[in-house]
Amino acid sequence: MVITKAKTLKGEITVPGDKSISHRGVMFGAISEGITELTGFLDGADCRSTISCFRAMGIDISQDKDHVVIHGNGLHGLCSPSNMLDVGNSGTTTRLISGILAGQPFVSSLNGDESIQKRPMGRIITPLTQMGAYIKSLKDNGCAPLEIGGKPLRAIHYDSPVASAQVKSCVLLAGLYADGITSVTEPVVSRNHTELMLSGFGADVKSEGLTASIVGNPKLTGQKIAVPGDISSAAYFIAAGLICENADLLIKNVNTNPTRAGIIQVAKAMGGKIELLNERIVSGEPVADIHVSSSSLHGCEISGEIIPTLIDELPVIAVMAAAASGTTTIKDAAELKVKESDRIATVTENLKAMGCDITATDDGMIINGGNALYGTTIKTYKDHRIAMSFAIAGLIADGDTTFDDEKCPVISYPNFFETIKTLLS
Ligand code: S3P
């Protein structure tokens, strides 16, 4: 795959289903009674890992591309898996499934790829242990492989030191297996798909300010869910539409939940031409079509409460900042260091290699935009979002942009490069 400068970028696209919502649909369907049907499911490697973990615990799941049918066995219907569960590259699978496994009467274990074995799991080990769970990092390094389950849980209130939907969801899911009310308070609100969807399945979930709570032992009933397009995947095309010349893109059917949609505010703050059309609610989530066109962007500061609402989009926002005039400062984003790669380091290294004036900081980056970018071979560190963000940078760079691993978008956006091609012709 070679990306070169785009002379025009025009068209109408849809992006694959939301990754966070797809994972949750499978998990919540598996522990509900009756059938859950997902349309628009993200058929990417991460969500396939979630399906295979629940199949390994006896759940009948059929999948035909983006159509998934889950025959739930109820809250207490999972079987003990005969092998270690394989979570692949997926942090969401690891942390959310751990909450469910903590509440099972059997002990199970899970592991994933090299990247997963470096991601911090102390953040779920601490609250689950407070709930009385057995959970152990088998190498005693706070990371996977993990061994979990077999002990009764008690409801707790947990003050989370990080704004993480994965931590919040893990504790709320464990709370399904505890008597009484389990609650989590976060320093800043993170994405709320678990709260919205579990409530749709029949759980008693409340969100008040920074606190989400759940009542244990609910009856969950299978649902039909239309999964909207993933704003984290739309983000690449939002950025491309704003920074490329002669660009005009309509990205249809995108989830615009405010706990996810920070990139829209940032695009506006940078002077981007972006509008939301046909706004509606689908399966309890806000959805819209997003129209973007070529814009003269200027730098801005991105910090504080907005960070969790655009955490996965920061690599491509950094690319927008490189194309913008003036300085963009990203702060309060130290969480970037513990994603699929250390994204402060991997974004800085690659943008520098393309000719951008960028400095890494402890909790973000400072980008002095406006330099001409030139193509290079991107070091992806097998991180899907690094590969895709720098493909977008390649669309405004002189010369060829290539990748040391061009397969990694398969994690969240299997047809990513094909979609770019359709807009160039
Ligand atoms: C996710 C939450 C975020 C995000 C990840 C998906 C989720 O992680 O980066 O891609 O589906 O809950 P954290 O909860 O660790 O911030």
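Both backbone and side-chain heavy atoms feed into the values below; hydrogens, waters and symmetry mates do not. As the structure lists them, so they are numbered: ligands from 1, and atoms in each ligand from 1. In this text, all values refer to a predicted model and were calculated from it rather than measured experimentally.
- Contact atoms of ligand 1 toward D312: 4 (C), 5 (C), 9 (O), 10 (O) (distance under 4.0 Å to a heavy atom of the residue).
- Salt bridge D312/R343: present, at least one basic N to carboxylate O contact under 4.0 Å.
- At a heavy-atom distance under 4.0 Å, no atom of H23 approaches ligand 1.
- Between the side chains of S160 and E186, no donor-acceptor pair of N or O atoms lies under 3.5 Å.
- In the candidate list S232, S20, G91, S20 is nearest to atom 11 (O) of ligand 1, counting heavy atoms.
- Residue Q166 has at least one N or O atom closer than 3.5 Å to an N or O atom of ligand 1.
- Side-chain contact between Y134 and E147 is present, with at least one heavy-atom pair separated by less than 4.5 Å.
- The existence of a salt bridge linking D113 and K382 is excluded, since no basic side-chain nitrogen approaches an acidic carboxylate oxygen closer than 4.0 Å.
- Across H193, R24, E335, heavy-atom proximity to atom 7 (C) of ligand 1 is greatest for R24.
- A salt bridge links E335 with R123; the closest basic N to acidic carboxylate O contact falls under 4.0 Å.
- K339 counts as a contact of ligand 1, since one of its heavy atoms falls under 4.0 Å from the ligand.
- Looking at D204 and K206, a side-chain N of the basic residue comes within less than 4.0 Å of a carboxylate O on the acidic one, giving a salt bridge.
- Residue-to-ligand polar distances keep I311 apart from ligand 1: every N/O pair is separated by 3.5 Å or more.
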